[in-house]
Amino acid sequence: MTSAYIHIPFCEQICYYCDFNKVFIEGQPVDDYVNLLIEEFRLWNERETILPLKSIYIGGGTPTALSVKQFEVLFDGIRNYLPLRRGGEFTIECNPNNATNDLLTCFKRNNVNRLSFGVQSFNDDLLKKIGRIHRCDTVYKAINLAEQIGFHNISIDLIYRLPNQTLEDFQDSLTKALELDLPHYAIYSLILEQKTVFYNLMRQGKLPLPSEDIEADMFEMAIESMENAGKQHYEISNFAQAGFQSTHNKAYWNGEDYYGFGAGAHGLLDGTRYQNLGPINHYMEPLQKHELPIFNTLPLSQKMKIEEFFFLGLRQMEGVSISLFEKKFGQSIGELYGDEISQLLEKDLITLDGDHLALTRRGIFLGNDVFSEFMLLDR
Ligand code: SF4
């Protein structure tokens, strides 16, 4: 079964760490963009029958920068062209600042059943320092309101290793996040990406980031706090109560098919990756001529599929199934990776439990070292 990602590339502020495909919303052709997204749904439907989807995810940018009216238009388009199967997951990323009664009620009315709030920290000073416009009290109001309106599947994102962040500060954010007792948490370390304000500050030696040791302690703290609170660590950066793992993200990690709609979005269909044009005007131009805005396609070779099977599969704590690998690729895992697997087992970076290979606690912290062992290079 297939999923769908819909990208809304508009933001009301540009955060200092962000390298996503987004623009400042003021003066942007938002109505046209929404109409052309629907044209993209329609064109895909002309190309092939879109069967009921297992999940729809509207991400950004800041999807909630759209007005209720713009969302109503978008939801109409989704209803017409992107059927969601019964019990399917429908997520929207929300900025706490935009979570008004009107907007959340509109989501509820239109069958959205999961909200993902970009919270990042419960420290207002840190939020200011990273360029976010919301503050802690807005987070509480937003989540309270969402629960009153009837949303029970709620996730929040937190980021650690922020400039000048201390272990105590991060523990405080974790505690406050857990006091909300939500069913899902996503917790990431700050990554410095090129062309961001933070990257430039780092180059000038003006970004006081916590050391790598503190970063590792923060990660450990996150895992312990979440697990002690009954939130299962099911993917390197994700924690959930039973029954609340993200269907949409799991589809990515399991290498399943998904459509990508919107500027710069990418998809994976029948073993081929494709990517849409990124700049908004470039994305909109072909759609105005009733053509799909695909910028490049890449049929995945067997080698790439095998590598992705491990890179993505091992991110999940349950690991990868050996029998599934052999069924999918018609090759013996031992013949292909026997030496690498023995070494990783010896270094206590992975475990072999029945049919499953998975990261150990030590392997979680050294994930990249593990993943690189599964690169096939010239083989
Ligand atoms: S982090 Fe989110 S809100 Fe901030 S600029 Fe990036 S996409 Fe926009």
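These values consider heavy atoms only, across backbone and side chains, with no hydrogens, waters or symmetry-generated copies. Counting convention: from 1, in listed order, for ligands and their atoms alike.
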How does Cys11 reach ligand 1, by side chain, by backbone, by both or by neither, if only non-hydrogen atoms under 4.0 Å count? side chain
Where ligand 1 meets Thr62 - atom numbers and elements under 4.0 angstrom, heavy-atom basis: 3 (S), 8 (Fe)
Give the atom numbers and elements of ligand 1 that come within less than 4.0 Å of a heavy atom of Cys18. 1 (S), 5 (S), 6 (Fe), 7 (S)
For atom 2 (Fe) of ligand 1, which of Gly61, Ala65, Gly118 has the closest heavy atom?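 Selected option, by shortest heavy-atom distance: Gly61.
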Transitively linked via ILVMFWY side-chain contacts under 4.5 Å: Ile294 with Ile280? yes
Around His356, counting heavy atoms of other residues, nucleotides and ligands shown, do more than 12 lie under 6.0 Å from its NE2? yes
Any Glu12 heavy atom less than 4.0 Å to ligand 1: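 The answer is no: ligand 1 sits nowhere under 4.0 Å from a heavy atom of Glu12.
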Hey, is Glu93 one of the residues with a heavy atom under 4.0 angstrom from ligand 1? no
Is there an N/O/S atom in Cys15 at a distance below 2.8 Å from atom 6 (Fe) of ligand 1? no
Take the angle between the ring planes of Tyr17 and Phe198 and call it parallel below 30°, perpendicular above 60°, tilted in between. tilted
For the pair Phe219 and Tyr160, name the ring-plane relationship: parallel under 30°, tilted 30 to 60°, perpendicular over 60°.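 The rings of Phe219 and Tyr160 lie parallel, inter-plane angle below 30°.
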Result of checking Phe295, Tyr258, Trp44 against Tyr274 for ring-ring contact (aromatic ring centres under 6.0 Å, His included):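 In the set Phe295, Tyr258, Trp44, the residue that makes a ring-ring contact (aromatic ring centres under 6.0 Å, His included) with Tyr274 is Trp44.
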Decide yes or no for Phe41 and Leu74: does some side-chain heavy atom of the first lie under 4.5 Å from some side-chain heavy atom of the second? yes
